[in-house]
Amino acid sequence: MSVIQQNLSTSMASSASIFIANYSFENNKSTNISIPGKFKAVVKCVAAPERTAYKTKVSRNENMAKLQAGYLFPEIARRKAAHMLKHPDAQVISLGIGDTTEPIPEVITSAMSKQLRASIASTYYADLGLDESDIFVSDGAKSDISRLQVLFGSKVRIAVQDPSYPAYVDSSVILGQTGLFQKDIEQFEKIEYMKCTPENGFFPDLSTVGRTDVIFFCSPNNPTGYAASRDQLTRLVQFAKENGSIIVYDSAYAMYVSDDSPRSIFEIPGAKEVALEVSSFSKYAGFTGVRLGWTAVPKELLYSDGFPVAKDFNRIVCTCFNGASNIAQAGGVACVSPEGIKAMHEVVGFYKENTSIIVDTFDSLGFKVYGGKNAPYVWVYFPGQSSWDVFSEILERTDVVVTPGSGFGPGGEGFIRVSAFGHRENVLEACERFKQLYK
Amino acid sequence: MYGRFYLSLVKNWHLEHIKEQCKFQSTRKPCFFVVMKWGQGITALDNEKDNNYRTKVARNPKLERLENNYLFPEISARELQHIRKYPDAKVISLGIGDTTQPLPDVIASSMANYAVGLSTPTGYRGYGAEQGCKELRNAIAKTFYGKMGIKDTEVFVSDGAQCDISRLQLLFGSNMSVAVQDPIFPAYVDSSVIIGQTGDADKESGRYENIKYMKCEARNGFFPDLSKTPRTDIIFFCSPNNPTGHAATREQLEQLVQFAQDNGSIIVYDSAYAVYITDGRPRSIYEIPGARKVAIEISSFSKIAGFTGVRLGWTVVPEDLLYLNGLRVINDFNRIVTTCFNGASRIAQAGGLASLSSEGFKSVLSLVDYYKENAEILLETFKSLGLKAYGGENAPYLWVHFPGSNSWDVFNEILEKAHIITVPGAGFGPAGKEFIRVTAFGQRENILEASKRLRSHLS
């Protein structure tokens, strides 16, 4: 795989991080590194520390050293870039990074500014007892996750679903909440991994989960696509209540729910005392580049000493942040207008049709297919295979970018995530290519 | 249109508090406010009802350590309280350093066009590179660092300096020792407390244990005596300075770089006000030889292009900046940026690019001139009152000395008598306690009106 190194150091696609050529994995033992997920090929460490260069006397943050590799999605982007360099004429289709592709409805882009917080509250939480003062508008869920980690501090322990969106684990490592990465089980010490597999219906067996302070829970789930049922979420809230834990509920895909699965954790009685909710306009309105989301923190959510979590979160937001772009917020106001909501449903509907096409394709090829009903992600099972191998094979042989399941945690090994964002023609074309490959 | 939402639900029995829900003028949003006596910590009510369910999650003790609200929401709260008390007064704000003049047309229309373009198949863009769009990184490197050898790949575009400061603290971690100027923009100290680099605050002085405060006062020309400054890992240095307005000279910055080199420290150089320098002093730390090995520079479009609400800034991390173990700081910063952030809004970036075009940059500099003229008017005003006002020449801030006073008292007096909001110097550190910061952002009529009121009420 050293060809990746050579190719990447010469020219870069704009979305690829350029740093792999200089990135030294912090591993004093060897220069051959395994990326989590049993990826067999090795990436050579290129940048040895310069011996004669001036060094400050500032020690590197040791938490950064615990991280095993770059953030998952830049890695995917690097591989895509390498592939495109290798095959300049290939019509690469990306169903990898969950990036929206369809233009934003015009009603949203030609907006005037109004009261965004109040509108978010009334649109999503009207009958759930939350009002505008509980809503904190942000530049997106990824930033909010890290700000929440800064809020919680280094002494808390977290639980995550396995597999899960990598930002929860990575931010936990950076904040110093974890121990070292244990290569044999591919888990960080001190994080509780709640396995979500076909065997347990993609909902963890809470009777086997140890108590943690914070529980990250994403539903509909990225990457598995599974939306927890009302009954399951009731059990989760009960579990949190019994343990005195705080649920960080990621509802970024709530508008993709097609059945009667809950869209907000606050639909569950008692949730306001144990949960806060993060959400985003990224996958509803195509705001992945515009940057707008929110976090809802109920007044009832209290620390062990009775201090309201919202108050400290507000302090973080005032000190470590300076608001989402006012232009993005103007767009957000239009999103939650009656016309905007209708438009967002159309955008979501379009991606859901893509999802169906992908589900049908893999179904027809005889694969076990999960998700795809309540989320724009299809979780395809490749039993007994390394997901990075499958990723590479699909890329090499069909020029389609997907995402290897093990990038989301050890529970993702053996799976591939196919995202349903794409122009219709591209999704159809990709599915044709899958049919060719796997017929 | 602002993206700031102030929410204070303080229930502390030993504070005087006013909890209000108010509506500003039509463009602002309804907020809840509590005005606290400055200097009181924030704790849960002792006699709070016990039948509220509590989780078993301990509050982050670092947040408990913070002595006060963040400074600027506190100022807003006071402004609000004042407006309610005097509904007919025409309050003029020379407080929070917020720009007031409309965006030049070429910049605003670039953003409008970009936004509308997002409705079209060809104009639509999704996720951008977390480090920023290549053209903008390039334009920043060329415009501000043209001859200093800073590459576009060393420029990280962000949603503003306040966010970058916290991301840098995340990068550094809790085991760092930190030095700040005294007085200084509060985000460095507050973020340092939050990330766990400090001990508790001293009740008397308000200084946090483990932070080294480098006094900047008239006596030392607003540049710290480095011979008396102990080594720290990180040195935060803002020049032109918020709040004193002092722009360090080349010689002073050479001293600073030498000091950092001798100690193996990292300078975080805040150059947010660099475009206000017109007398030849350095605008960037990288004008000083050797700075690439010891300094990170942060900056912002806020005070350059009026982007306080649009949200756009950048951080430069040179490849030559190495940790003790020889690894590059830029690699870890990139990891932070790709993991804890998802890029500045593409619309804001389009505006940033327009502001660095030749037409855009010209229009932006004329806005800077406008604010500098405001500063001159205010300097004249304080001079005529026999008050010593520092700054105001290389920065949009005046640092006015009221010897023997308590700055919160002066703040209150100016507010009560003249209906003008300023910022008490104590908010920026113990060395600010006899000073008031006055910003030069404002519409000309308001600056002139404020000057008139100051002349009559402070004489």
Side-chain angles (χ1 to χ4, degrees), chain A residues 14-15 18-19 22-24 49 53-61 63-64 71 74 99-100 103-104 106 109 113 115 133 139-140 142-143 146 152-153 170-171 174 213 244 246 273 288-291 302-308 311-312 314 318-329, chain B residues 1 3-4 7 9 29 32 44 48 53-60 62-63 70 73 111 115-116 118-121 124-129 134 153 159-160 162-163 166 170 172-173 190 233 264 266 293 309-311 322-327 331-332 334 338-342 345-348:
Chain A
S14 62
S15 61
I18 63 152
F19 295 106
N22 294 326
Y23 197 95
S24 287
Y54 168 82
K55 298 171 209 178
T56 66
K57 293 197 188 105
V58 178
S59 296
R60 185 188 185 203
N61 179 350
N63 296 324
M64 297 301 290
Y71 192 58
D99 193 8
T100 47
I104 299 171
E106 216 180 304
T109 58
S113 173
Q115 294 179 5
S133 62
D139 64 320
K142 195 179 195 192
S143 308
S146 280
F152 293 134
D170 287 17
S171 60
I174 289 170
D213 299 295
I246 294 176
E273 293 172 327
T288 44
V290 174
R291 308 310 315 149
L302 308 177
Y303 286 116
S304 55
D305 65 353
F307 196 83
K311 187 160 187 350
D312 272 353
N314 183 63
C318 289
T319 309
C320 307
F321 184 51
N322 225 337
S325 177
N326 48 13
I327 304 173
Q329 292 193 63
Chain B
M1 296 190 296
R4 281 188 207 105
L7 168 65
L9 299 174
K29 290 153 175 83
F32 289 96
E48 194 175 33
Y53 168 81
R54 299 176 183 187
T55 66
K56 293 195 185 109
V57 180
R59 185 184 179 202
N60 182 349
K62 297 158 194 164
L63 281 160
Y70 192 54
M111 293 194 284
V116 170
L118 292 170
S119 312
T120 66
Y124 180 73
R125 297 285 182 279
Y127 285 119
K134 198 146 180 71
T153 52
D159 61 331
Q162 185 151 292
C163 309
S166 280
L170 255 189
F172 296 137
D190 286 20
D233 294 306
I266 296 177
K293 301 194 167 80
V310 173
R311 307 308 317 147
L322 307 179
Y323 285 117
L324 178 62
N325 64 4
L327 291 184
N331 291 347
D332 278 357
N334 185 62
T338 55
T339 309
C340 307
F341 184 53
N342 228 339
S345 175
R346 282 187 181 267
I347 305 174

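Lettering follows sequence order; numbering is per chain, from 1.
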For residues Tyr127(B) and Arg346(B), report the shortest heavy-atom separation together with the two atoms involved. O-NH2, 2.9 Å
For Phe341(B), which atoms come within 4.5 Å of any heavy atom of chain A: side chain, backbone, both, or neither? both
Pick one of side chain, backbone, both or neither for Ser146(A), based on which atoms fall under 4.5 Å of a heavy atom in chain B. side chain
Partners of Asp233(B) by side-chain contact (heavy atoms from CB on, under 4.5 Å), sequence neighbours excluded? Val58(A), Met176(B), Ser177(B), Arg231(B)
For chain B, the option from Cys320(A), Ser143(A), Gly153(A) that forms the most heavy-atom pairs under 4.5 Å: Cys320(A)
Please confirm whether the backbone N or O of Thr55(B) pairs with a side-chain atom of Ser304(A), one donor and one acceptor, at under 3.5 Å? no
Who pairs with Asn342(B) by side-chain hydrogen bond (donor to acceptor under 3.5 Å, both in side chains), at least two apart in sequence or on another chain? none
Tell me, side chain or backbone of Asp139(A) under 4.5 Å from chain B's heavy atoms, or both, or neither? side chain
